[in-house]
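First comes the structure, then the notes that go with it.
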2 protein chains.
Amino acid sequence: MLSLSQSTGYAILAMGCLDGPGGVYVHVGYLAKYTRIPVHYLSKIMRILAEKGFVETKRGNKGGFLLCRFPEEITLLEVVEAIEGPDWKGGCLLGIPKVWDKRACPIYRFCQEELRRIEKEFRSRKLSEMENFRRGCPRTITPSRRREIM
Amino acid sequence: MLSLSQSTGYAILAMGCLDGPGGVYVHVGYLAKYTRIPVHYLSKIMRILAEKGFVETKRGNKGGFLLCRFPEEITLLEVVEAIEGPDWKGGCLLGIPKVWDKRACPIYRFCQEELRRIEKEFRSRKLSEMENFRRGCPRTITPSRRREIM
DNA sequence: TGATTTTAGGACACGATACTCTTATTTGCA
DNA sequence: TGCAAATAAGAGTATCGTGTCCTAAAATCA
């Protein structure tokens, strides 16, 4: 399938729901429910994002996750590279492992142009553009609704 | 990594080296060596391509593989869909599994445009455009060189 | 302090992709 | 006819992405 890994999609979905510095910590359970990501798997991804310095975590009651920077300052490209690593572009959309011979790829030039275009898009788009989505994610919740979710 | 699977790249690389109807059958070992694909793995892919009706096979002495149609008539899109299946587009370059809420993907419109552009490219490009690459692939070979290869 | 809430971290399972190896089976040619 | 060449077929292995589960540790609050 022509796409980055699901994990990257999950990371963007989840980060798009978080508040910036000074906001409220959001429980991973709410994130998971709202974004439809398996909760234990998302928990792992959040830990990676914490290690990479994207999110701040707080344990215990009223704990959860928070962005370390404001969403206006975080580009999609940063998130992509944090999860996929620097080689996310791969070089060939067709899946030719390493195009050692340009004649081997009938769309060599097209791939280069496309990947440049896509990277430019990723670099120009910020998490803040998911604001409308973020607002739908619950932050405080009743005990009964919590039992239903978890 | 943002690409189709390696198998698709392998299929295109290999098919790009084959003759059309009436040409010579090419040994999978030569294909593998020339394209730098693991020979047993390529052998499996060739069998899939044979099942799908893209290549003709001949066993035994002087056997090998041949395209069933002329390379001018075979588009990249056909090969992609044969190996990846019809859902190769996935819908979201970022890897968001199923974009149930357009607000969830900050580049929803961009993805749609890009995938349309890429599909158009795949549909317009033919295997015959790999002619220069194909010519470098050995068809007949000495026993000593064969030992070295296999 | 103790109960509750929440993340941290690791073990494990499962399927897909990528790759290897061995044993048929078919074909051409001497 | 028999040998050698070549694909067919399928079992086996490794790794990775995805997902589940359990226990430990930390933080809050009564």
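Chain identifiers are assigned alphabetically (A, B, ...) following the order of the sequence lines, protein sequences preceding nucleic acid strands; residue numbering begins at 1 within each chain.
- Scanning for salt bridge (charged side-chain N to carboxylate O under 4.0 Å, His left out) contacts around E84(A) gives an empty result, with sequence neighbours left out.
- The two residues G20(B) and P71(B) come nearest to each other via the heavy atoms CA-CD, 4.2 Å.
- Judged as a ring pair (Phe, Tyr, Trp, His ring centres under 6.0 Å), the pairs with a partner in residues 81-117 of chain B (not counting sequence neighbours) are, in order, W88(B)-F122(B).
- Counting heavy atoms from C-beta outward, M15(B) and E78(B) have side chains that stay 4.5 Å or more apart.
- For Y25(B) and dT7(D), the OH to P distance is 12 Å, given to the nearest whole Å.
- Considering only residues two or more places apart in sequence or on other chains, R116(B) meets the salt bridge (charged side-chain N to carboxylate O under 4.0 Å, His left out) condition with none of them.
- In this structure, CG of L66(A) is placed 12 Å from P of dT7(C), rounded to the nearest angstrom.
- Contacts with DNA chain C (heavy atom under 4.0 Å) in residues 7-20 of chain B: S7(B), Y10(B), listed by number.
- Following rounding to the nearest Å, K44(A) (NZ) and dG10(C) (P) show an atom-to-atom distance of 11 Å.
- Using a 4.5 Å heavy-atom threshold, the side chains of L76(A) and L127(A) count as touching.
- The heavy-atom pair separating V79(A) from A11(A) by the smallest distance is CG1-CB, 3.9 Å.
- Clustering ILVMFWY residues whenever any of their side-chain heavy atoms sit less than 4.5 angstrom apart, transitively, puts L94(A) in a cluster other than the one holding M1(B).
- Here the side chain of H27(B) is nearest to one of dT7(D), dT20(C), dT20(D), namely dT7(D).
- The phosphate of dA8(D) has neither OP1 nor OP2 within less than 4.0 Å of any side-chain N or O from S43(B).
- Computed from C1' positions of five pairs at each end, the angle between the two local axes of the helix from dT1(C)-dA30(D) to dA30(C)-dT1(D) equals 10°, rounded to 10 degrees.
- The side chain of T57(A) sits closest to dT7(C) out of dT7(C), dA8(D), dA18(C).
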E113(B) and R109(B): salt bridge (charged side-chain N to carboxylate O under 4.0 Å, His left out), yes or no, with the steps? CA-CA 6 Å; E113(B) 284 166 9; R109(B) 185 167 296 280; 5.3 Å; no

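- Counting heavy atoms from C-beta outward, T35(A) and C17(A) have side chains that approach closer than 4.5 Å.
- Annotation: side chain of L18(B) is in contact with side chain of L31(B) (closest heavy-atom distance under 4.5 Å).
- Partners of D101(B) by side-chain hydrogen bond (donor to acceptor under 3.5 Å, both in side chains), not counting sequence neighbours, listed by chain and number: R103(B).
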Taking distance alone, no hydrogens or angles, what donor-acceptor pairs closer than 3.5 Å link side-chain atoms of residues 128-138 of chain B to residues at least two apart or in another chain?
{"residue": "E129(B)", "atom": "OE1", "partner": "R125(B)", "partner atom": "NH1", "Å": "3.0"}
{"residue": "E129(B)", "atom": "OE2", "partner": "K126(B)", "partner atom": "N", "Å": "3.0"}
{"residue": "E131(B)", "atom": "OE1", "partner": "R134(B)", "partner atom": "NE", "Å": "3.1"}
{"residue": "E131(B)", "atom": "OE1", "partner": "R134(B)", "partner atom": "NH2", "Å": "3.4"}
{"residue": "E131(B)", "atom": "OE2", "partner": "R134(B)", "partner atom": "NH2", "Å": "3.1"}
{"residue": "E131(B)", "atom": "OE2", "partner": "R135(B)", "partner atom": "NH1", "Å": "3.0"}
{"residue": "N132(B)", "atom": "OD1", "partner": "R135(B)", "partner atom": "NH2", "Å": "2.9"}
{"residue": "R134(B)", "atom": "NH1", "partner": "D19(B)", "partner atom": "OD1", "Å": "2.4"}

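- dG10(D) atom C1' lies 13 Å from atom CD of E51(B), rounded to whole Å.
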Donor-acceptor contacts, no H, no angles, side chain residues 36-60 of chain B, under 3.5 Å, sequence neighbours left out:
{"residue": "Y41(B)", "atom": "OH", "partner": "S7(B)", "partner atom": "OG", "Å": "2.7"}
{"residue": "E56(B)", "atom": "OE2", "partner": "Y25(B)", "partner atom": "OH", "Å": "2.6"}

Between the protein and nucleotides 25-27 of chain C, which nitrogen or oxygen pairs are less than 3.5 angstrom apart?
{"residue": "dT25(C)", "atom": "O2", "partner": "R59(B)", "partner atom": "NH1", "Å": "3.2"}
{"residue": "dT26(C)", "atom": "O4'", "partner": "R59(B)", "partner atom": "NH1", "Å": "2.8"}
{"residue": "dT27(C)", "atom": "O2", "partner": "N61(B)", "partner atom": "N", "Å": "3.3"}

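- Going from atom CE of M1(B) over to atom C1' of dA18(C) covers 13 Å, rounded to whole Å.
- Rounded to an integer number of Å, the gap from H40(B) NE2 to dT23(C) P is 12 Å.
- Separating the CZ atom of R47(A) from the P atom of dT6(C) is a distance of 17 Å, rounded to the nearest angstrom.
- At a non-hydrogen distance threshold of 4.0 Å, nothing from residues 83-100 of chain A comes into contact with DNA chain C.
- What separates OH of Y41(A) from P of dA13(C) is a distance of 18 Å, to the nearest Å.
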